[in-house]
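A short write-up of the structure that comes next.
Source: prediction; values computed, not measured.
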Amino acid sequence: MLIYQNAVLKIHRLTLNELKTNCYIVQNGDQALLVDPTDRADVIADYLGQHRLALRYMITTHGHFDHVSGAAGVIERGLADVLYVHEQDFDEVKRAQSYSLMIVKKKMRAPPVAMFSAALLAFLRSWGLGLEHAGGHTKGSCYLYGLERDFLLTGDLALHHKLNITLFDGRENTAQFFRFIEQVKAGFAADAVILPGHGDRTTVGMELKHNKKWAYVQHKESHGH
């Protein structure tokens, strides 16, 4: 479904797995960028076909299994050559198969991966998009944003506050997470749209006001742990 658009881009959301992880298709004319191929490559392919979109690149915000499970199938269908992921999350993608079996009892195939290339970053800029490495959630967590500062695709750096995610995963890096939140506060207006890893569309202002995990991170880092 179409969830956001500006003067140039349309962004579609698909929710395809048991964890209700968001998969996004960013559309510019008849071309598309796939962000977080969460599962069900068949559904992704059908959606691209129904909207007559040619896929240019496939990227993930981070390497957790619920954000990459559909990537191998997209590649097998000839729609993409590789999944682009920050190099610090290559190991996360390798571990994704084990976590998929453990958490949702489902086999998945690990896709071939590549680090973000100069060509990819140039392509994103030509669409009015930036890609920033943040860490925090995973070592390689990144977020995608409009250069006009009107929206962000955050992966799991932001989950809609109504999901009430309050616990901080011990593997996460609070200092990096705090820097990400500070970057968002400094760089985006309150009405900038957040398209999160899980949950509905929200805004920077709403998450700064209501997101309990963000509040926890800010309190911990501001008060010297």
Side-chain angles (χ1 to χ4, degrees), residues 3-4 11 13-24 35-39 59-69 85-86 88-89 91-93 95-96 98-100 102-104 130-146 149-225:
I3 192 170
Y4 179 79
I11 302 179
R13 182 181 73 173
L14 301 174
T15 307
L16 303 170
N17 64 15
E18 297 89 336
L19 302 183
K20 297 184 178 179
T21 311
N22 290 325
C23 168
Y24 294 104
V35 182
D36 288 346
T38 60
D39 203 0
I59 71 175
T60 189
T61 56
H62 64 289
H64 283 165
F65 81 92
D66 59 313
H67 289 258
V68 304
S69 289
V85 59
H86 193 277
Q88 290 189 42
D89 263 13
D91 286 343
E92 288 288 353
V93 177
R95 288 191 289 265
S98 297
Y99 279 106
S100 181
M102 181 172 61
I103 295 172
V104 295
L131 182 63
E132 191 78 26
H133 174 237
H137 180 60
T138 63
K139 291 179 180 179
S141 284
C142 297
Y143 62 97
L144 193 70
Y145 64 96
R149 303 282 168 167
D150 53 334
F151 70 90
L152 308 89
L153 285 84
T154 62
D156 289 354
L157 290 164
L159 306 181
H160 194 287
H161 63 274
K162 287 186 178 178
L163 296 177
N164 203 29
I165 305 296
T166 58
L167 295 177
F168 201 82
D169 187 326
R171 296 176 301 163
E172 294 179 301
N173 185 309
T174 53
Q176 292 177 349
F177 219 118
F178 178 73
R179 284 196 294 272
F180 161 72
I181 296 169
E182 291 298 299
Q183 287 173 2
V184 171
K185 287 168 66 176
F188 295 85
D191 63 353
V193 169
I194 289 178
L195 302 173
H198 297 259
D200 293 331
R201 163 180 164 164
T202 182
T203 65
V204 167
M206 289 294 288
E207 295 313 304
L208 287 172
K209 185 175 181 180
H210 299 292
N211 192 303
K212 293 182 179 179
K213 184 169 183 177
W214 282 19
Y216 168 83
V217 171
Q218 292 179 93
H219 181 269
K220 182 175 180 181
E221 290 300 314
S222 298
H223 292 77
H225 310 283

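- Shortest non-hydrogen contact noted between Leu131 and Tyr145 is N-CE2, 3.9 Å.
- Nearest heavy atoms, Phe151 versus Phe188: O-CE2, 4.1 Å.
- One distance of note links CG of Asp39 with CG of Leu14; it measures 11.5 Å at 0.5 Å rounding.
- Note that CG of Asn173 is 6.5 Å distant from CZ of Arg179, once rounded to the nearest 0.5 Å.
- A donor-acceptor pair under 3.5 Å links the side-chain atoms of His160 to the main chain of Lys162, judged by distance alone.
- In plain terms, the two heavy atoms of Ser222 and Gln218 that are nearest each other are OG-O, 2.7 Å.
- Using a 4.5 Å heavy-atom threshold, the side chains of Lys213 and Leu159 count as separate.
- Remark: side-chain polar atoms of Ser100 are not paired, donor with acceptor, to backbone N or O of Ala96 under 3.5 angstrom.
- Contact record, His133 with Cys142: CA-SG, 3.7 Å, taken as the closest heavy-atom pair.
- Of all heavy-atom pairs between Ala158 and Pro196, the closest is O-CB, 3.1 Å.
- With ring centers used as reference points, Tyr99 lies 6.0 Å or more from Phe65.
- With rounding to the nearest 0.5 Å, the separation of CZ in Arg171 from OG1 in Thr138 is 9.5 Å.
- Judged purely by atom type and a 3.5 angstrom limit, Arg201 has no side-chain atom pairing as donor or acceptor with the backbone of Tyr4.
- Judged by distance alone, the side chain of His210 and the main-chain N or O of Gly205 form no donor-acceptor pair under 3.5 Å.
- The CG atom of Leu195 lies 10.5 Å from the CG atom of Asp200; values are rounded to the nearest 0.5 Å.
- For the pair Phe177 and Leu157, the minimum side-chain heavy-atom distance is below 4.5 Å.
- The pair Glu182-Lys185 meets the salt-bridge criterion, since a charged nitrogen lies less than 4.0 angstrom from a carboxylate oxygen.
- Looking at Asp36, its side chain never comes within 3.5 Å of a backbone N or O of Thr38 through a donor-acceptor pair.
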Check: Taking it one step at a time, do Ile194 and Val204 satisfy side-chain contact (heavy atoms from CB on, under 4.5 Å)?
Finding: CA-CA 6 Å; Ile194 289 178; Val204 167; 4.0 Å; yes
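- Ring pair His67/His198 is perpendicular by interplanar angle, where above 60° counts as perpendicular and below 30° as parallel.
- Between Val35 and Thr61 there is a side-chain heavy-atom pair separated by less than 4.5 Å.
- With rounding to the nearest 0.5 Å, the separation of CD1 in Ile3 from CG in Asn22 is 6.5 Å.
- Within the 4.5 Å cutoff, no side-chain heavy atoms of Tyr24 are placed close to those of Leu144.
- Ring orientation note: the planes of His62 and His137 are nearly perpendicular, at an angle over 60° on the 30°/60° scale.
- How far CG of Asn211 is from CD1 of Ile181: 7.5 Å, rounded to the nearest 0.5 Å.
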Check: Can you check side-chain contact (heavy atoms from CB on, under 4.5 Å) on His161 and Lys212, steps first, answer last?
Finding: CA-CA 7 Å; His161 63 274; Lys212 293 182 179 179; over 6 Å; no
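- A side-chain donor-acceptor contact under 3.5 Å links Thr203 to the backbone of Met206.
- Nearest heavy-atom pair across Ala192 and Arg149 is CB-O, 3.7 Å.
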